[in-house]
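Reviewing the structure listed below.
The chain is numbered in sequence order, starting from 1.
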Amino acid sequence: MRSALWLLALFGIAVAVALVAGNNQAVVTLFWPPHRIDISFNLLVLLLAGLFTLLYVALRASAAVFSLPAEARRWRAQQKERAMYAAFMDALSHLMAGRFIRASKLAQNAITQEKSLSELARTSSDVSSYNAARATQLRLLAHLLAAESAQSLQNKALREKHLQQALESSSHRIAEETREGVQLRAARWALDDRDPNGALELLGQLPQGAARRTLALRTRLRATRQAKQTPQALDTARLLAKHRAFSPGAAQSIVRGLALELLGGAHDPAQLQTAWQSLDAAERAMPELVIHAASRLMALHGDANLARSWLLQVWEPVMQPRSDISDNLRIKLIQVLEQGLDSIDAAWLARIEAAQQQRPRDANLQYLAGMACLKRQLWGKAQQLLSQAAMALQDASLHRNAWRALALLAEQREDPVSAAQAYKRAAKV
């Protein structure tokens with residue numbers, strides 16, 4: 001359609017020129033004393049058009065001649081820029097392929113090319129294609145590649161040199177975004193060097209938004225765990241679980257492990273209670289954490305009533321016949337309760353008796369009920385329950401304690417033969 005319109009326009013111009021110039025009898029007289037020149041108006045128009053064309057061509061030719069040095073500088077800058085990007089891409093390829101020495105050399109070559117191109121751009125205004133921001137970003141990434149290669153070659157001095165140069169090159173806004181990646185990578189190098197404090201320092205320099213990214217939080221979790229900063233590691237793990245950085249099962253396992261480490265690091269009952277209160281409500285409902293906290297409190301000679309109050313919320317779920325709680329956890333619960341049988345109240349005795357009657361063939365509950373009767377000096381019932389439990393207990397510790405309790409009961413009856421046999425059975429466990 002456009003070509004048809006142009007054709008119609010040309011026809012219109014031709015018709016207009018034919019109408020104007022075809023019957024034009026005008027004459028132009030030029031006086032140059034003592035000469036006089038008479039020419040037609042049409043010829044004068046053609047001569048002026050030709051003169052304009054000749055002058056235009058001459059000006060363009062002279063401009064092209066005088067621009068040759070600038071074009072040569074621009075061509076050299078373009079060649080340097082191509083060489084810079086080629087060296088950078090080759091360095092990245094060699095780094096991914098594991099050729100760290102070649103990658104380091106090519107990254108250094110890219111840095112050299114960028115420096116030369118930058119100097120050329122500063123001294124000449126003809127290099128208009130030079131983008132200072134992108135070049136700075138490429139120089140920063142080239143330093144990062146060189147530092148990564150040095151890290152793989154265990155050359156820490158060269159790595160730190162390129163790292164500092166990369167951080168110093170990130171003054172531009174675009175480069176500042178890349179700086180965050182450099183700091184994250186440097187934090188991971190610090191973790192590889194077993195320097196968690198250095199990694200945490202680098203992570204602390206990140207902007208608030210970057211510090212809450214999943215990669216930064218994962219790195220912080222590793223750093224806090226290496227630095228034995230369990231409370232900070234637990235907070236970071238909760239935040240990662242909230243961001244769904246792990247699967248639900250993995251997140252629960254990580255949080256549970258850190259909470260166990262936090263409770264296990266308490267050295268007195270007050271510190272343990274503080275650590276317990278710092279846990280979330282969902283964490284304080286985990287049977288593993290509840291039982292571990294109660295066990296730790298009893299080991300620190302804390303309040304047995306407080307420990308039993310913690311255990312109360314998991315007693316029913318753990319002792320259900322079809323509960324998915326492991327046998328080891330049930331045994332640990334029984335051992336914790338056994339440590340506080342001297343001060344146990346009637347309510348807990350009723351719970352233990354009800355659980356034993358509900359599961360009469362459970363050797364672990366028979367053992368717990370028998371030890372409770374022993375503490376209450378109910379010799380006959382304790383004898384019956386412990387005798388039944390001793391034949392079926394699988395845990396070595398409970399099995400040994402059951403035979404020792406039977407030996408004590410035999411001594412109470414003044415039956416040395418039965419006591420000796422019980423001690424012998426306990427020694428064999």
Enter the distance from [X]:[atom1] to [Y]:[atom2] here, rounded to the nearest 0.5 Å.
X: Leu234; Y: Leu239; atom1: CG; atom2: CG; value: 11.5 Å
X: Arg404; Y: Leu409; atom1: CZ; atom2: CG; value: 13.0 Å
X: Leu368; Y: Ile331; atom1: CG; atom2: CD1; value: 12.0 Å
X: Asn328; Y: Asp395; atom1: CG; atom2: CG; value: 7.5 Å
X: Ile334; Y: Ser397; atom1: CD1; atom2: OG; value: 11.0 Å

Are the side chains of [X] and [Y] in touch, meaning some heavy atoms are under 4.5 Å apart?
X: Trp379; Y: Leu408; result: no
X: Ser387; Y: Gln383; result: yes
X: Arg351; Y: Leu312; result: yes
X: Arg185; Y: Gln151; result: no
X: Glu148; Y: Trp189; result: yes
X: Leu163; Y: His143; result: no
X: Leu333; Y: Leu311; result: yes
X: Ile101; Y: Lys105; result: yes

task: Please lay out, stage by stage, how Tyr85 and Gln113 fare under the test side-chain hydrogen bond (donor to acceptor under 3.5 Å, both in side chains).
output: CA-CA 9 Å; Tyr85 281 108; Gln113 294 287 349; over 6 Å; no
**Prompt:** When you look at Gln356 and Leu385, which way does the side-chain contact (heavy atoms from CB on, under 4.5 Å) test go after all the steps?
**Reply:** CA-CA 10 Å; Gln356 193 274 324; Leu385 291 171; 3.9 Å; yes
Closest approach of [X] and [Y], non-hydrogen atoms and distance?
X: Arg212; Y: His243; answer: O-CE1, 3.5 Å
X: Ala390; Y: Ala402; answer: CB-CB, 4.2 Å
X: Arg225; Y: Ala233; answer: CG-CB, 3.9 Å
X: Ser343; Y: Ala304; answer: OG-CB, 3.7 Å
X: Ala426; Y: Arg400; answer: O-CG, 3.7 Å
X: Ala166; Y: Val182; answer: CB-CG1, 4.3 Å

With no hydrogens and no angle check, do the side chains of Tyr367 and Gln388 hold a donor and an acceptor under 3.5 Å apart?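 Side-chain D/A pair, Tyr367 to Gln388: absent.
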Is a donor on one side and an acceptor on the other found under 3.5 Å between the side chain of [X] and the backbone of [Y]?
X: Asp280; Y: Ala282; result: no
X: Ser104; Y: Phe100; result: no
X: His267; Y: Gly265; result: yes
X: Glu81; Y: Leu117; result: no

For this session: For the pair Glu353 and Lys381, find out whether any cationic side-chain nitrogen is under 4.0 Å from an anionic carboxylate oxygen.
Result: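 Salt bridge present between Glu353 and Lys381.
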task: Assign the ring pair Trp315 / Trp348 to parallel, tilted or perpendicular, where the plane angle (0 to 90°) is split at 30° and 60°.
output: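 Aromatic pair Trp315/Trp348 classed perpendicular.
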Practice task
Determine, stepwise, if the pair Asn109 / Phe88 fulfils side-chain contact (heavy atoms from CB on, under 4.5 Å).
Solution key: CA-CA 8 Å; Asn109 186 18; Phe88 177 79; over 6 Å; no
Partner set under side-chain hydrogen bond (donor to acceptor under 3.5 Å, both in side chains) for [X], not counting sequence neighbours:
X: Asp415; result: Ser418
X: Glu71; result: Arg74
X: Gln232; result: none

Between side-chain atoms of residues 246-263 and protein atoms elsewhere (two or more places apart, or another chain), which donor-acceptor pairs fall under 3.5 Å?
from: Ser247; atom 1: OG; to: Ala250; atom 2: N; distance (Å): 3.3
from: Glu261; atom 1: OE2; to: Thr230; atom 2: OG1; distance (Å): 3.3

Let me see the working for Arg139 and Gln165 under side-chain contact (heavy atoms from CB on, under 4.5 Å), right down to the final yes or no. CA-CA 9 Å; Arg139 181 171 67 252; Gln165 290 176 349; over 6 Å; no
Would you please test Leu337 and Arg308 for side-chain contact (heavy atoms from CB on, under 4.5 Å) and show each step? CA-CA 7 Å; Leu337 289 173; Arg308 284 192 291 268; 4.1 Å; yes
Name all residues meeting the side-chain contact (heavy atoms from CB on, under 4.5 Å) criterion together with [X]; count only those two or more places apart in sequence or in a different chain, and write none if there are none.
X: Ala210; value: Glu180, Leu206, Pro207, Arg213
X: Asp235; value: Arg238
X: Thr236; value: Leu217, Arg220, Leu221, Leu240
X: Gln79; value: Trp75, Arg82

Please collect all salt bridge (Lys or Arg N to Asp or Glu O under 4.0 Å) contacts where either partner lies in residues 340-350, sequence neighbours excluded, each pair once.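 Pairs touching residues 340-350 that pass the test: Asp342-Lys375.
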Review item, side-chain donor-acceptor pairs of residues 50-69, under 3.5 Å, at least two apart:
from: Thr53; atom 1: OG1; to: Ala49; atom 2: O; distance (Å): 2.9
from: Tyr56; atom 1: OH; to: Arg60; atom 2: NH1; distance (Å): 2.8
from: Ser62; atom 1: OG; to: Ala58; atom 2: O; distance (Å): 3.3
from: Ser62; atom 1: OG; to: Leu59; atom 2: O; distance (Å): 2.8
from: Ser67; atom 1: OG; to: Ala63; atom 2: O; distance (Å): 3.1
from: Ser67; atom 1: OG; to: Ala64; atom 2: O; distance (Å): 3.0

Indicate every side-chain donor-acceptor pair of residues 191-205 with a distance under 3.5 Å to a residue at least two apart or in another chain.
from: Asp193; atom 1: OD2; to: Arg159; atom 2: NH1; distance (Å): 2.7
from: Asp193; atom 1: OD2; to: Arg159; atom 2: NH2; distance (Å): 3.2
from: Asp195; atom 1: OD1; to: Gly198; atom 2: N; distance (Å): 3.2

For residues 290-301, tabulate all N or O donor-acceptor pairs below 3.5 Å that involve a side-chain atom, not counting sequence neighbours.
from: His292; atom 1: ND1; to: Lys332; atom 2: NZ; distance (Å): 3.3
from: Arg296; atom 1: NE; to: Ala266; atom 2: O; distance (Å): 3.3
from: Arg296; atom 1: NH2; to: Ala266; atom 2: O; distance (Å): 2.7

So does Arg284 have more than 12 non-hydrogen atoms from other groups sitting under 6.0 Å from CZ?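 Counting other residues, nucleotides and ligands, CZ of Arg284 exceeds 12 neighbours.
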